[in-house]
Amino acid sequence: MSSVDGNLIQDLQARGLIAQMTGDDALESYLADGSRTLYCGFDPTADSLHIGSLVPLLTLKRFQLAGHKPIALVGGATGLIGDPSFKAQERKLNTPDVVASWVGKIRDQVSRFIDFDLPGNGAEVVNNLDWTANLNVLDFLRDVGKHFSVNNMINKESVKQRIDREGAGISFTEFTYMLLQSYDFSELYKRNDCTLQIGGSDQWGNIVGGVDLTRKMHGGHVFGLTLPLVTKSDGTKFGKTESGTIWLDAAKTSPYAFYQFWLNTADADVYKFLRYFTFLSVEEIASIEAEDQAAQGRPQAQGVLAREVTRLIHGEEGLEAAERITHAMFSGSFSDLSEADLEQLALDGLPCTELPEGLEQIPMTSLLTDAGMVKAGREVKDALGRQAVWVNGEAKGAEDNMKAHEVFAADKALYGRFYLVKLGKKKNHLLKRSA
RNA sequence: GCAGGGGUUCCCGAGUGGCCAAAGGGAUCAGACUGUAAAUCUGACGCGAAAGCUUCGGUGGUUCGAAUCCACCCCCCUGCACCA
């Protein structure tokens, strides 16, 4: 049995990672006294987790590093129901086979973060469908449902807007979600001696429900701890960009795009994010912050954050790929890229499209819109008007709009095949001549 | 079901017969300044390279002409009634 790090809670506190916890000081000494088993649930609401799940995921890992045993629960059952917590509207149910396929993907993703082979506190992944699939309705209502007060449930902050708001409403199905999640906790307590559940702060109601149910059903004293919702200083939602959600799946968000997302973190958020999303010690982060403050110009923090998190999610290889593209695209020295480098960029996740036929007829606006660089031709037109489109380093203007055949002439291609197109400062794209 | 209010371009929100592709704000994109930041300033912002085309909950109608007027329908909100 590995020894436990008694300072875990203090470290989490220093990182700002504790939103609420049950039994305050009791939990801290409970964790310091021995290796405990804890769990966190991840519902399959899509075919991949996104960075919103990163805080709980990494926190599980922090507990493991401190000597505790983490269980990642994939919600094969709860994913069939839908958590109403702080959701404005009832959600559409996904079909069982869809949820089942998502369960598989989420399980694989989650598994990459925690260590299964640690002696004494090796991680586990469980699926709550295992203990609910064959649950008898009458038994459930008698054994579990009886412990819940509807009066209490409708007063939960998490469902208040659904209860109070005219025209919103909540179905009995979603209303029951809390019972299922609570039952999970009591089951894991019984089966795995799991005595702590962690989750986002929106899960507080569900977690407390589980704490109560475990006491009522098994007389067990268990704990709950919630993590803060990640917010940005400018008030916009964390984890979304104009081009969409930042996913953990490399097929949905390339390591390059992922790296760029973190690199673009606002100064006002970056040190907080370093504490949330990296395993650098709070002291290290403080010294980075101090250095940045002392230095003029660009802070180093975003680079550190992007590197650390990208390595964590996509590994050393993913990070190298991301940095390779970033360097090629933003250093302005793409001309010394080799042919193999260019091919690699496409593989690394630089958006890449094949050049269509009949360029004489195709305006640049449609060409670049179709390639997915922008949403409407107007943006290309605007950019052309400001000399903000470059093809292989050469700025193009409005007069080139109908001259795609000249802009993309065969003799202008790098290695006879490639064109690097840059629109504005940040949009890069690779166009390839078909072979 | 009755009475009243409302549904406008990504969002909020003006517009009540032509001057409306539709004020203003937000978001977004691009430019300047920078650090691939923030703040600020500038431009764009239904679609289209253009000519032009398609919008104001839906369908029909009145009119030379409708987001604006009429009819019917759908949806939302606020009261009242019904369920009790």
Side-chain angles (χ1 to χ4, degrees), chain A residues 88-90 161 164-169 232-246 254 256-274 288-289 291-307 310 322-334 349-351 356 358-390 393 395-408 420-429:
Chain A
Q89 288 186 328
E90 182 88 10
Q161 54 175 325
D164 293 349
R165 236 187 73 192
E166 197 81 31
K232 292 204 295 178
S233 55
D234 63 4
T236 57
K237 198 170 173 169
F238 170 75
K240 303 265 186 196
T241 65
E242 249 326 277
S243 34
T245 306
I246 306 295
S254 72
Y256 164 67
F258 189 85
Y259 179 90
Q260 285 288 325
F261 169 80
W262 295 102
L263 197 62
N264 280 298
T265 303
D267 292 4
D269 296 318
V270 70
Y271 305 101
K272 178 170 84 174
F273 287 3
L274 279 168
I288 290 173
E289 184 165 8
E291 278 177 39
D292 281 346
Q293 232 144 38
Q296 291 296 315
R298 188 175 192 175
Q300 56 178 319
Q302 280 87 347
V304 174
L305 178 68
R307 264 195 303 284
T310 306
E323 292 196 307
R324 197 156 45 229
I325 301 181
T326 296
H327 182 260
M329 294 305 115
F330 291 95
S331 70
S333 64
F334 65 87
L350 181 69
L359 286 178
E360 287 78 5
Q361 311 301 323
I362 305 176
M364 295 284 283
T365 46
S366 332
L367 187 65
L368 301 187
T369 306
D370 292 346
M373 286 189 84
V374 292
K375 279 184 246 138
R378 193 143 244 135
E379 291 186 27
V380 178
K381 196 175 148 193
D382 182 42
L384 281 171
R386 291 161 178 271
Q387 303 284 305
V389 176
W390 294 267
K396 298 298 166 193
E399 70 284 359
D400 294 308
N401 191 33
M402 291 309 291
K403 295 183 185 164
H405 57 288
E406 287 175 23
V407 172
F408 297 103
L420 278 171
V421 182
K422 190 180 185 76
L423 193 158
K425 281 178 190 146
K426 294 185 184 178
K427 291 182 174 127
N428 291 292
H429 202 97

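Owing to the predicted nature of the structure, the values given are computational and were not obtained by experimental measurement. A, B, ... follow the sequence lines: proteins, then strands. Residue 1 opens every chain.
For R378(A) and A44(B), the shortest distance from a side-chain N or O to OP1 or OP2 is not below 4.0 Å. For A30(B), the OP1/OP2 oxygens have a side-chain nitrogen or oxygen of K427(A) closer than 4.0 Å. Look at K381(A) and you'll find a side-chain N or O under 4.0 angstrom from OP1 or OP2 of A50(B). Between S366(A) and A49(B), a side-chain N or O to OP1/OP2 separation shorter than 4.0 Å is present. Contact annotation: R298(A) reaches the phosphate of U36(B) (side-chain N/O to OP1 or OP2, under 4.0 Å).
Other residues, nucleotides and ligands place more than 12 heavy atoms under 6.0 Å from the CD atom of Q387(A).
For R386(A), taking side-chain heavy atoms from C-beta onward, the closest of the listed nucleotides C47(B), G43(B), U36(B) is G43(B). When distances run from any side-chain atom of W390(A) to the nucleotides C47(B), U36(B), G31(B), the shortest one goes to G31(B).
G18(B) sits 29 Å from C73(B) when the C1' atoms are compared, rounded to a whole Å. A71(B) and C64(B) have their C1' atoms separated by 22 Å, with the value rounded to a whole Å.
In this structure, OH of Y271(A) is placed 11 Å from C1' of A37(B), rounded to the nearest angstrom. Rounding to whole angstrom units, CE of residue M402(A) and P of A51(B) are separated by 13 Å. Rounded to an integer number of Å, the gap from K426(A) NZ to U28(B) C1' is 13 Å. Remark: C1' of U36(B) and CZ of R307(A) are 15 Å apart, rounded to the nearest angstrom.
When the options M329(A), M373(A), Q260(A) are evaluated for a side chain to side chain contact (heavy atoms under 4.5 Å, CB included) with N428(A), the one that passes is M329(A).
In terms of polar N and O atoms assigned as donor or acceptor, the side chain of E379(A) never comes within less than 3.5 Å of the base of U28(B) in a complementary pairing. Side-chain atoms of K422(A) and base atoms of U36(B) include no donor and acceptor less than 3.5 Å apart.
How far CG of D400(A) is from CE of M364(A): 6.5 Å, rounded to the nearest 0.5 Å.
Nearest-nucleotide positions on RNA chain B for D382(A) and G424(A) put G424(A) closer to the 5' end. Nearest-nucleotide positions on RNA chain B for N401(A) and Q260(A) put Q260(A) closer to the 5' end.
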**Message:** Between I288(A) and Q300(A), does the side chain to side chain contact (heavy atoms under 4.5 Å, CB included) criterion hold? Intermediate values first, please.
**Reply:** CA-CA 8 Å; I288(A) 290 173; Q300(A) 56 178 319; 3.9 Å; yes

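Remark: C82(B) base-pairs with no nucleotide in the shown strands. Criterion, Watson-Crick or G-U wobble with two distances under 3.5 Å. Judged by Watson-Crick or G-U wobble contacts below 3.5 Å, the nucleotide C64(B) has G18(B) as its partner. If you check C56(B) for Watson-Crick or wobble pairing at under 3.5 angstrom, you find it has no partner at all. Using N1 to N3 plus N6-O4 or O6-N4 for Watson-Crick, or N1-O2 and O6-N3 for G-U wobble, each under 3.5 Å, A27(B) pairs with nothing. Under the Watson-Crick and G-U wobble criteria, each requiring two contacts below 3.5 Å, nucleotide C33(B) is left unpaired. G4(B) is paired with C77(B) under the Watson-Crick or G-U wobble criterion, all donor-acceptor distances under 3.5 Å. A 3.5 Å limit on both hydrogen-bonding distances identifies no Watson-Crick or G-U partner for A39(B).
When heavy atoms are screened at a 4.0 angstrom cut-off, D267(A) is found touching base atoms of the nucleic acid. A398(A) comes within 4.0 angstrom of nothing in the nucleic acid, heavy atoms only. Residue-level contact check: Q387(A) touches neither bases nor backbone, having no heavy atom under 4.0 Å from any strand.
For the pair K422(A) and F330(A), the distance from NZ or CZ to the six-membered ring centre is under 6.0 Å and the angle to the ring normal is within 45 degrees.
No donor-acceptor pair under 3.5 Å is formed between the side chain of D292(A) and the backbone N or O of E289(A).
The aromatic rings of F261(A) and F238(A) stand perpendicular to each other, their planes meeting at an angle above 60°, with 30° marking the opposite boundary.
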